[in-house]
Amino acid sequence: MTESDERYTHGHHESVLRAHSWRTVENSAAYLIPELRAGATILDVGSGPGTITIDLAQRVAPGVVTGLDYSADAVARAQENARQKGVENVKFVVGDAYNLPFEDDSFDIVHTHQTLQHVGRPVDVLREMRRVVKPGGVVAAREVDWAGIIFYPELDALSRWQSLYDAVHRSNGGEPNAGRRLKAWAYEAGFTDVSGYASVWGMSSDEDRGWWGETWSQRVLSSSFASDVQELGLATVDDLEQLSKAWIDWRDDRTAWLAMPHGEILARP
């Protein structure tokens, strides 16, 4: 995506980058593990803070992994994360997913995670990913399906949050229920061999509830979501304070549970 074409619903507030830094290959790209091999070259489109990208680099060393993101701030954060981990076979660049700055047939694997839901033309992004993957390579994508989120206790405020999120995401030009559409988008993009999968993020343990509830209690007040929902006239500051409190209440309830379904594809040109 480019900053001029679409608005990234989550933005790059510290609470967002902190939440995204939880992501690893194991919890966010396990379906791709059988495709990984030493020496493989990988492009990660929409790499954010780079935790998945760096993990991929460690798994395919000495193969080189490139992370691309439209946000210079996210790229800088990812570069620092790689430096701290001492991972040298990874690099991060600022770029446009609609016009990837690479030659045709450049990578063994082209991967994206939670990016296609935020672009207005996901099929065009998949076409670009198809262009830069090598013959015999694979394009991998994983996207959440926000309408399928289930939570307990069934707090009215969290149902309100779910509705507000859908409205804000759509107002920014994206498709919040991208997970269910991945296979269709891939075929439309020209792939002829597409395998579809599903997986779920589950939040139930004290640790998982802690980081998820804490970050969302901040995101509803301080991230791009907060400013967007007010600009659209959908909620007031008081409303957002109530949503923040609801996430804290959910976090502190030992019976609380949340599931986020994802669609996944491995597509071969």
Without placing hydrogens or testing angles, list every side-chain donor-acceptor pair under 3.5 Å for residues 248-263, not counting sequence neighbours.
| residue | atom | partner | partner atom | Å |
| --- | --- | --- | --- | --- |
| Asp249 | OD2 | Lys245 | NZ | 2.9 |
| Trp250 | NE1 | Tyr152 | O | 3.1 |
| Arg251 | NH1 | Glu214 | OE1 | 2.5 |
| Asp253 | OD1 | Thr255 | N | 2.8 |
| Asp253 | OD1 | Thr255 | OG1 | 2.7 |
| Asp253 | OD2 | Thr255 | OG1 | 3.3 |
| His262 | ND1 | Arg142 | NH2 | 3.4 |
| His262 | ND1 | Met260 | O | 3.0 |
| His262 | NE2 | Gln114 | NE2 | 3.0 |

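Applying the side-chain contact (heavy atoms from CB on, under 4.5 Å) criterion to Ala157, with sequence neighbours excluded, gives Leu243, Ala246. With sequence neighbours excluded, no residue forms a side chain to side chain donor-acceptor pair (under 3.5 Å) with Asp156. With sequence neighbours left out, the ring-ring contact (aromatic ring centres under 6.0 Å, His included) criterion links Phe107 to Phe102. Shown here are the ring-ring contact (aromatic ring centres under 6.0 Å, His included) partners of His113, two or more places apart in sequence or in another chain: Trp201. Under the side-chain contact (heavy atoms from CB on, under 4.5 Å) criterion, Ala184 pairs with no residue, sequence neighbours left out. With sequence neighbours excluded, no residue forms a side chain to side chain donor-acceptor pair (under 3.5 Å) with Ser47. Considering only residues two or more places apart in sequence or on other chains, Asn27 meets the side chain to side chain donor-acceptor pair (under 3.5 Å) condition with Thr24. In this structure Asp105 satisfies the side chain to side chain donor-acceptor pair (under 3.5 Å) test with no other residue, sequence neighbours excluded. For Gln242, there are no side-chain contact (heavy atoms from CB on, under 4.5 Å) partners two or more places apart in sequence or in a different chain.
Between the side chain of Asn172 and the backbone N or O of Gly174, no donor-acceptor pair lies under 3.5 Å. Looking at Glu264, its side chain never comes within 3.5 Å of a backbone N or O of Ala141 through a donor-acceptor pair.
The shortest side-chain heavy-atom distance between Gln230 and Leu240 falls under the 4.5 Å cut-off. Using a 4.5 Å cut-off on side-chain heavy atoms (C-beta onward), Tyr98 and Val119 make contact. Between Ile149 and Trp146, the closest side-chain pair of non-hydrogen atoms falls below 4.5 Å.
Connectivity analysis of hydrophobic side chains (ILVMFWY, heavy atoms under 4.5 Å, direct or indirect) links Val237 to nothing; its cluster partners are none. Under a 4.5 Å side-chain heavy-atom cut-off, the cluster of Ile, Leu, Val, Met, Phe, Trp and Tyr residues that includes Val138 is completed by Val25, Tyr31, Leu32, Ile33, Leu36, Ile42, Ile52, Ile54, Leu56, Val60, Val65, Val75, Val87, Val90, Phe92, Val94, Ile109, Tyr197, Leu266.
Hydrophobic clustering keeps Val110 apart from Val64 (ILVMFWY residues linked when any side-chain heavy atoms are closer than 4.5 Å, directly or through intermediates).
Of the options Arg170, His169, Gln162, a side-chain hydrogen bond (donor to acceptor under 3.5 Å, both in side chains) to Asp166 is made by Arg170 and by none of the others.
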| Stepwise, does the side chain to side chain donor-acceptor pair (under 3.5 Å) test hold for Glu175 with Gln117? | CA-CA 5 Å; Glu175 173 49 72; Gln117 64 186 276; over 6 Å; no

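With no hydrogens or angles considered, no side-chain donor-acceptor pair links Ser244 and Gln218 at under 3.5 Å.
Atom CD of Glu26 has 12 or fewer neighbouring heavy atoms from other residues, nucleotides or ligands inside a 6.0 Å radius.
Salt-bridge annotation for Glu80 and Arg77: absent, with no side-chain N of the basic residue lying under 4.0 Å from a carboxylate O of the acidic one. Using a cut-off of 4.0 Å between Lys/Arg side-chain N and Asp/Glu carboxylate O, Glu35 and Arg268 are scored as salt-bridged.
The two atoms that bring Val133 and Pro269 nearest to each other are CG1-CG, 3.8 Å, heavy atoms only.
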